[in-house]
K.L.:
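Sharing a structure, written as structure tokens. Questions coming.
In this text, all values refer to a predicted model and were calculated from it rather than measured experimentally. In each ligand, atom 1 is the first atom listed, and ligand 1 is the first ligand listed.
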Amino acid sequence: MKVAKFGGSSLADAEQIKKVSDIITSDTERKFIVVSAPGKRSDEDRKVTDLLIELGETYLEYGSAEETLQLVVERYRSIAEGLGLSNDIVTTIENDIRNRLAYNVSDSGRFMDQMKAAGEDNNAKVIARYLQSIGFVAEYVNPRDAGLLVSDTPGNAQILDEAYDHLYSLRERDGISIIPGFFGYSKEGGLVTFPRGGSDITGSIVAAGVQASLYENFTDVDSVFAANPTVVDHPCSIKRMTFREMRELSYAGFGVFHDEALIPAFKSNIPVCVKNTNNPSADGTMIINEREYAMNPVIGIAADKGFSTIYVRKYLMNREVGFGRRLLGILEDEGISYEHIPSGIDDTSVIVEKDQLNPEKEERILHRIKNELNADDVYFEKDFAMIMLVGEGMHETVGIAARATKAMSEQGVNIEMINQGSSEVSLAFGIHDEDVDKAIRGLYEEFFSTKEVLQ
Ligand code: ASP
């Protein structure tokens, strides 16, 4: 049996939901369907989840948010009408959202989780109802009833191991199960959402739980591409890639998946296929455990902006026992996680996501590093981007780093940092934000320009 997850753009309106229903019902193995909230119908449109966030925040501030509430209800009304469903489902949805607004607002994190989850939850109900109306055995399954247990961390749920045993019993259900993505329940019974984009995580968890033969992730592209199509013209598509490669690419800015999403499927050895709702006969991209990489040692290039570097220099740093721990301890005290730490003998740089910083924190960090660690020099460098070359075959292929640095130097890109070795499947470069597009184009030209499909 298969688990299929459909993203927001695949479910943005009634026409899209009809396409999705055709896909679901065209294969009797598609038994477990995980759905997102309705996404954007056009570039100017708004995702239902974004509307719900606005609704919740406005309500928290002013105690009422009727206008936004009506925008959400209207989205569902137009979907229900387009699907030929009776108006009572719209009334049920409106009541559901009003009930959520009546939830205790004193705990804003939990209140917002209730609001955000309304998008997926109501969409799953609509889709189940539609499938029933066209004659299929289909049922909405609430994540609580499915036993999708998560940590009690609002907005940042982590799956609990015991959830997988509960989910396994879903296999006994008849017909098609429609499960809302993006949230689960804590052991205490509270609703908790995953981070944004978290329906992918639910899909992967359900696939691992029911031990699916395949996890299909339907989105709006024919395949995963070797580079960002908004930067490179018609990049080649990837037919097959490994979990590790996809994980590295997602981490470094590939928008295809939430970067944590593949872990449950990977751990359970369930292959994942990325497919296009608008062109379901296209092969898509298979994500598997191992691939033959002799032909394509490098599979993709990704880049992500928004990093800062803390540069620290101290003579004889390499001899000082505990220096690294104390440095990272200062960051830990400030609640900051790090991405990379390239080091020399007398210096080290800690690369962090800049969203975690603010001017006061920076000031405090600099002061503490200087005083407590007696650093000779310490400063922040801003507007840093990470560019990653990813591929299973790289560590066995001679000359990849040389080709990559040459390609970037020909574009006039100054490389501030290189990190290779700790990951066998990626080579990371720190460059300045403004050089990212040039660097991607240069690397693409060097590694992929003569290829159409990466096998
Ligand atoms: N609807 C949620 C979001 O927009 C979750 C998802 O679509 O995966 O983030």
K.L.:
Between Ile400 and Val298, what is the shortest heavy-atom contact and its length?
P.N.:
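Minimum heavy-atom separation between Ile400 and Val298: CD1-CG2, 3.7 Å.
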K.L.:
Are the side chains of Met408 and Leu443 in touch, meaning some heavy atoms are under 4.5 Å apart?
P.N.:
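In short, these two side chains touch, coming nearer than 4.5 Å.
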K.L.:
Taking the six-membered ring of Tyr140 as reference, does the cationic atom of Lys125 (NZ for Lys, CZ for Arg) lie under 6.0 Å from its centre and within 45° of its axis?
P.N.:
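So Lys125 does make the cation-pi contact.
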K.L.:
Would you call Asp113 and Lys116 a salt bridge, taking side-chain N to carboxylate O under 4.0 Å as the test?
P.N.:
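Salt bridge between Asp113 and Lys116, a charged N being under 4.0 Å from a carboxylate O: yes.
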K.L.:
When you compare the side chains of Asn276 and Asp220, does any donor N or O come within less than 3.5 Å of an acceptor on the partner?
P.N.:
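Result is no, nothing qualifies.
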K.L.:
I'd like the residue list for ligand 1, meaning every protein residue with a non-hydrogen atom under 4.0 Å from the ligand.
P.N.:
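For ligand 1, the residues that come within the 4.0 Å heavy-atom cutoff are Ser36, Lys47, Thr49, Glu120, Phe182, Arg196, Gly197, Gly198, Ser199.
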K.L.:
Taking the ring centre of each residue, are Phe307 and Phe384 less than 6.0 Å apart?
P.N.:
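Ring-ring flag for Phe307/Phe384: false, centres at least 6.0 Å apart.
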